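Keep in mind the model is a prediction, meaning the values are calculated, not measured.
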Amino acid sequence: MATPTLVLISFLALFSSQAFASDPSPLQDFCVADMKSEVFVNGLVCKNPKYVKPEDFFFSGLDKAGDTSKNLGSNVTLVNVDKLAGLNTLGISLARIDFAPNGGLNPPHIHPRATEVLTVMEGTLYVGFVTSAPEFKLFSKVLNKGDVFVFPKGLIHFQFNFGAVPAVAFAGLSSQNPGLVTVANAVFGSNPPISDDVLAKAFQLDKKTVDWLQAQFSNSS
């Protein structure tokens, strides 16, 4: 039978792991990022509150559509702490995602530090995410204007516009700096490249196909 001390230690360990599962909570009203500081911390150094201005909490431009004529027919306008210094320590960021008609794709990707909640503002999107091993289960849904879908933190997910008109979505993310790992770019476009022996065996492909894929992603952003 567990002793009261052991139970208390177990509870505290569980509580601590949950408390630090996302961005650290602020210890003051705000901590506007000092972009000029050369000090490296987990996050960004606070600007002296005496020099904080309303503009530090302001961003303009999400009313403008992004250019979807390149790449995969999508464009993400991310407002994170790099764009809006007042987000520092607040554990949140925002993105506008524009999709070209007939196939605009935000390809399979991961946000290593954030859960994402997506709201469709215009058009229709097919979206989904895949769970971790061993199931690798796909949860997917067709979303229309006004619909909302959640992508859990760290799981591969995507959005695809199969409609004949442009689509627009807004996403909230539970980190001031959610990060982005686009699966294909990371695997086939790493710098330096992953050995084609490794990728050929991992994906059950011949090395010639792997080399071709690496060539496609070597210059992609």
*Can you list the residues that meet the ring-ring contact (aromatic ring centres under 6.0 Å, His included) rule with Phe57, with sequence neighbours excluded?*
Phe30

*Atom of Cys46, atom of Gln28 and distance for their closest heavy-atom approach*: SG-NE2, 4.4 Å

_Main-chain N/O of His109 paired to Thr182 side chain as donor or acceptor, under 3.5 Å_ = no

*4.5 Å side-chain heavy-atom contact, Val76 and Leu180*: no

*Please answer whether the main-chain N or O of Cys31 pairs with a side-chain N or O of Asn88 as donor and acceptor at a distance below 3.5 Å.*
yes

*Would a distance-only check, ignoring hydrogens and angles, find a side-chain to backbone donor-acceptor pair under 3.5 Å from Thr131 to Lys137?*
yes

*asked:* Set out, in order, the CA-CA distance, both residues' side-chain angles and the distance that settles side chain to side chain contact (heavy atoms under 4.5 Å, CB included) for Thr124 and Val142, then state yes or no.
replied: CA-CA 7 Å; Thr124 303; Val142 173; 3.6 Å; yes

*Is a donor on one side and an acceptor on the other found under 3.5 Å between the side chain of Ser174 and the backbone of Thr115?*
yes

*If you look at every heavy atom in Gln159 and Ile97, which pair is closest and at what distance?*
OE1-CD1, 3.8 Å

_Shortest non-hydrogen contact from Ile156 toward Pro108_ = CG2-CB, 3.8 Å

_So which atom in Gly86 and which in Val32 form the shortest heavy-atom distance, rounded to 0.1 Å?_
CA-CG2, 4.1 Å

*Taking all non-hydrogen atoms of both residues, which atom of Phe149 and which atom of Phe139 are closest, and how far apart?*
CZ-O, 4.0 Å

*Going through the distances and angles, do Val210 and Phe203 end up as a side chain to side chain contact (heavy atoms under 4.5 Å, CB included)?*
CA-CA 9 Å; Val210 170; Phe203 288 91; 5.8 Å; no

*asked:* Is any side-chain heavy atom of His111 closer than 4.5 Å to one of His157?
replied: yes

_Leu90 with Val79, same ILVMFWY side-chain cluster at under 4.5 Å_ = yes

*Heavy-atom closest contact (Ala33 atom, Leu44 atom, distance)*: CB-CD1, 3.6 Å

*Flag side-chain contact, heavy atom, 4.5 Å: Val127 against Val120*: no

_Grouping I, L, V, M, F, W and Y whenever their side-chain heavy atoms are under 4.5 Å apart, do Leu125 and Val117 come out in a common cluster?_
no

_Would you say that more than 12 heavy atoms from the other residues, nucleotides or ligands in this model lie under 6.0 Å from the CG of Asp29, or not?_
no

*asked:* Given 3.5 Å as the limit, does a donor-acceptor pair link the side chain of Asn161 with the main chain of Ala100, or not?
replied: yes

*asked:* Keeping Gln214 on the side-chain end and Ile194 on the backbone end, is there a donor-acceptor pair under 3.5 Å?
replied: yes

*Counting N and O atoms only, with roles assigned by atom type, does the side chain of Thr68 sit under 3.5 Å from a partner on the main chain of Gly73, one being a donor and the other an acceptor?*
no

*Does Glu122 reach the main-chain N or O of Val168 with its side chain, forming a donor-acceptor pair under 3.5 Å?*
no

_Which residues share a side-chain contact (heavy atoms from CB on, under 4.5 Å) with Asn48, sequence neighbours left out_ = Lys50, Tyr51

*Tell me, with the steps shown, if Leu94 and Leu84 meet side chain to side chain contact (heavy atoms under 4.5 Å, CB included).*
CA-CA 10 Å; Leu94 175 70; Leu84 183 55; over 6 Å; no

_Tell me whether the count of non-hydrogen atoms from other residues, nucleotides or ligands lying under 6.0 Å of CE in Met121 goes above 12._
no

_One pair to check against side chain to side chain contact (heavy atoms under 4.5 Å, CB included): Phe170 and Leu62. What are the steps and the verdict?_
CA-CA 9 Å; Phe170 279 83; Leu62 288 187; 4.0 Å; yes

_Leu87 and Ile92, any side-chain heavy atoms less than 4.5 Å apart_ = yes

*Can you tell me if CG on Asp63 sees more than 12 non-hydrogen neighbours from other groups inside 6.0 Å?*
yes

_Polar side-chain atom of Asp56 near backbone of Lys53 as donor-acceptor pair, under 3.5 Å_ = yes

